[in-house]
Amino acid sequence: MENQIISPHESDKGLKIKNRKPKKSKKFKMFSAFTILLIIIAVLALLSWILNWAGVTTEVSNQLAMDQWMFNSDYTWGKPFFDAVSGIDPNYPIGSAEYIAEVNRIVKDLLPAGATFDYNTWTISLKETADIGAAGIVDVLYSPIKGFMGKADVIIFIAVLGAFIQIMISSKALEGFSQGIIGKLKGKEIWSIIPLMIFFSICGTAEGMAEESLGFYMICIPLMMAAGFDKFTGLLIVMIGAGSGVIASTVNPFVISIAIDGLNSANANEAISAGDGLVWRFVIWAVITSISIGYVMWYANRVKKNPSKSVTFATLEGDKKFFLSESAEKIQMTWRRKTSLVVFGVTFLIMIVYLVGWDSVFGTTIMADHGEWINQNIPWLTSMIPGWGNGGLDVVAAIFLIAAIILGLVLNLGEDGFLKEFMSGVNDIFGVCLVIATAAGVGVILQQTHMQELFVKGLGDSVGGIQNEVGKILVLFLIFLPLSFLIPSSSGFAAAVFPLLAATVTTTNPDGTIVFQEAAASGSVTAFSLASGLINLITPTSGVVMGAVAISKMEYGKYIKSMMPIVGILAAASFVMLAIGGAIGGQIA
């Protein structure tokens, strides 16, 4: 056989193939969160050039401070408008119904069409035409830096939160607490999912829990893994728990209040309130939360019975080593550990209560006034921090910093020990901070090029011809879904969309007055809440999603694939509830 000549036909039969090494199939590896986000930014930059070359224009809102419009010769209406507003009957208190009615009349008579006036800041918003700008190559990498600056409060909060969590983990108090919970719920651990998810859902529907939820993943994931579930169960409890609340927002000021304010700002004849449609929003919240809890319990039970059914089964052993202590020692709950748990729980409770917009919910200024009173009368405590519900994540970061110092004292870490754990926590979480900054870069590109206004204008035009209110609500829901991907900031989206949307959810009475349609106005707000909340469970442009994926050490591709069943179920439920609510109409929906 050594000198035998082998014909091509014989080689095809396998004589030569036997000596060939089998080719190794290359397994596709999902891009990192940074790469995905940079690709999105690059695609948007390319799109901006195409739209710019095509000469596309859009309507933009130009904010003018009083000194800009009053003394500018280009605005001939400036001085007359100032005189007219200044001459309103002094018997009408600023902010009263009579005062607002007079302001609206003057705006309609003297300002250009589409202009709005903020009587608190004396700022005028004018509608002007602008070209779609083109973003450059350098802008692709510069936008995440601008995103970092814009999200500075969120990033500082997460960095301090990471340090706080690390100090807590170093005490082993959470581990000991988990051992106690698992011991008491032996065989019934699955029932702990219900109160946990209800808690997160309430936070979501009341105050729009988002970035602040990131601290809970390192609590729920180890707890669920110790109970015999997987890390995805822990992730679902927080993500779907808080997410179901945000989807079915009832009084969430970052969604409901801003959307309603946007509608009211564009209609001087009538105003709707957060109470319109509130009953049905509560019904939707109960339905969406119940479905979410049922799904997570089903998945957890499935994994408990057969670990190979876990979506993260391939990394199960590595997950146990990372999220659980390799030691099987029984943690003794000393007074230091018990005190640490109290500090831990109280700190998160303060965070949640502080972030609820109480004044917005109840229509008062009590909390803002209380904060101002403290600033003026107890300045040694604080002269800068606003009242409950009036501050942001920068204030919450200060609360966690104080709590971290208290933990250091309770645990007797000393200066060196405290700084070691603090910096270790910041180092571990900083990758999440950079992902959030890069995600914010998407919004920077959209805003700077005016593509955001273009997309929003297209939304308003697309539903203007639909007369049926139920149909209008459902179409808005479907349109809000892709737009929420492009504009992941719920509050930013609401502020941009709803002033333009007002014309599509109003009707003209025989006497010529323009009023909101009975179901479409509040229904559009609910549709936006549902669509935005659903997309923010999966979009890579959300810092919360990418942060949670990074913390749980999952690939984004695996996360998306695993989330699609529940997202699909919730989307179908949302569509049905919108249809039923639109059909009911009236004061309920």
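Since this is a predicted model, take the numbers as computed values, not measurements.
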D153: partners by salt bridge (charged side-chain N to carboxylate O under 4.0 Å, His left out), with sequence neighbours left out: none
F200 to I237 - nearest heavy-atom pair and separation: CD1-O, 3.6 Å
Could you tell me whether the side chain of M168 reaches within less than 4.5 Å of the side chain of L341, counting heavy atoms only? yes
Decide yes or no on side chain to side chain contact (heavy atoms under 4.5 Å, CB included) for I405 and F400, but give the supporting numbers first. CA-CA 9 Å; I405 293 171; F400 273 96; over 6 Å; no
Are side-chain heavy atoms of L476 and F528 found at a separation under 4.5 Å? no
Under 6.0 Å from the OH atom of Y142, do we count more than 12 heavy atoms belonging to anything else shown? no
E469 meets the salt bridge (charged side-chain N to carboxylate O under 4.0 Å, His left out) criterion, sequence neighbours left out, with none
Tell me, please, which residues at least two apart from E372 pass side-chain contact (heavy atoms from CB on, under 4.5 Å). N375, Q376
Measuring from atom OG of S244 to atom CD1 of I198, what distance do you get when rounded to the nearest 0.5 angstrom? 9.5 Å
Please check if the side chain of T365 supplies one atom and the backbone of A368 the other of a donor-acceptor pair under 3.5 Å. no
Indicate yes or no: at least one non-hydrogen side-chain atom of L578 is less than 4.5 angstrom from one of L530. yes
Shortest non-hydrogen separation from I41 to S143 and the atoms involved: CG2-OG, 3.6 Å
Rounded distance [0.5 Å steps], OG in S529 versus CZ in R281: 8.0 Å
Separation between CD1 (I155) and CG (L161), nearest 0.5 Å, reads 13.5 Å
Donor-acceptor check, side chain of T539 to backbone of I535, threshold 3.5 angstrom: yes or no? no
Roughly how far apart are M451 CE and T449 OG1, rounded to 0.5 Å? 3.5 Å
Report the C-alpha distance between L537 and I240 in whole Å, list the side-chain angles of each, state the deciding distance to 0.1 Å, and finish with yes or no for side chain to side chain contact (heavy atoms under 4.5 Å, CB included). CA-CA 8 Å; L537 289 176; I240 299 297; 4.1 Å; yes
For side chain to side chain contact (heavy atoms under 4.5 Å, CB included), just list the numbers for L570 and I247, CA-CA rounded to whole Å, side-chain angles, deciding distance to a tenth of an Å, and then say yes or no. CA-CA 9 Å; L570 293 178; I247 289 170; 4.0 Å; yes
Tightest non-hydrogen contact, residues V343 and A403, listed as CG1-O, 4.1 Å
What heavy-atom pair brings T58 and H450 nearest, and what distance separates the two atoms? CG2-O, 3.7 Å
Testing the 3.5 Å rule here: is there a donor-acceptor pair between the side chains of T289 and S201? yes
Parallel, tilted or perpendicular: which describes the rings of W373 and H370, with under 30° parallel and over 60° perpendicular? parallel
Okay, side chain of W280, backbone of M577: is any donor-acceptor separation there less than 3.5 Å? yes
Flag the pair I256 / V525 as yes when at least one side-chain heavy-atom distance between them is below 4.5 Å, and no otherwise. yes
Write down the atom of I473, the atom of S524, and the distance for their closest heavy-atom approach. CG1-N, 4.5 Å
Point-to-point distance, once rounded to the nearest 0.5 Å, from CD1 of I288 to OG1 of T205: 11.0 Å
Indicate the atoms forming the closest heavy-atom contact of L411 with S340, along with that distance. CD2-OG, 3.3 Å
Quick check on L419: does its CG atom have over 12 non-hydrogen neighbours (other residues, nucleotides or ligands) under 6.0 Å away? yes
Is any side-chain heavy atom of L534 closer than 4.5 Å to one of S574? yes
On the 0 to 90° scale, with breaks at 30° and 60°, tag the F344-F164 ring pair as parallel, tilted or perpendicular. parallel
With a 4.5 Å cut-off on side-chain heavy atoms, are F418 and L409 touching? no
Heavy atoms, side chains only, cut-off 4.5 Å: are L401 and F157 in contact? no
Does a side-chain heavy-atom distance below 4.5 Å link I167 with L413? yes
Step by step, would you call I88 with I106 a side chain to side chain contact (heavy atoms under 4.5 Å, CB included)? CA-CA 10 Å; I88 292 177; I106 295 170; 4.0 Å; yes
Value rounded to 0.5 Å, distance of CZ in F480 from OG in S532: 9.5 Å
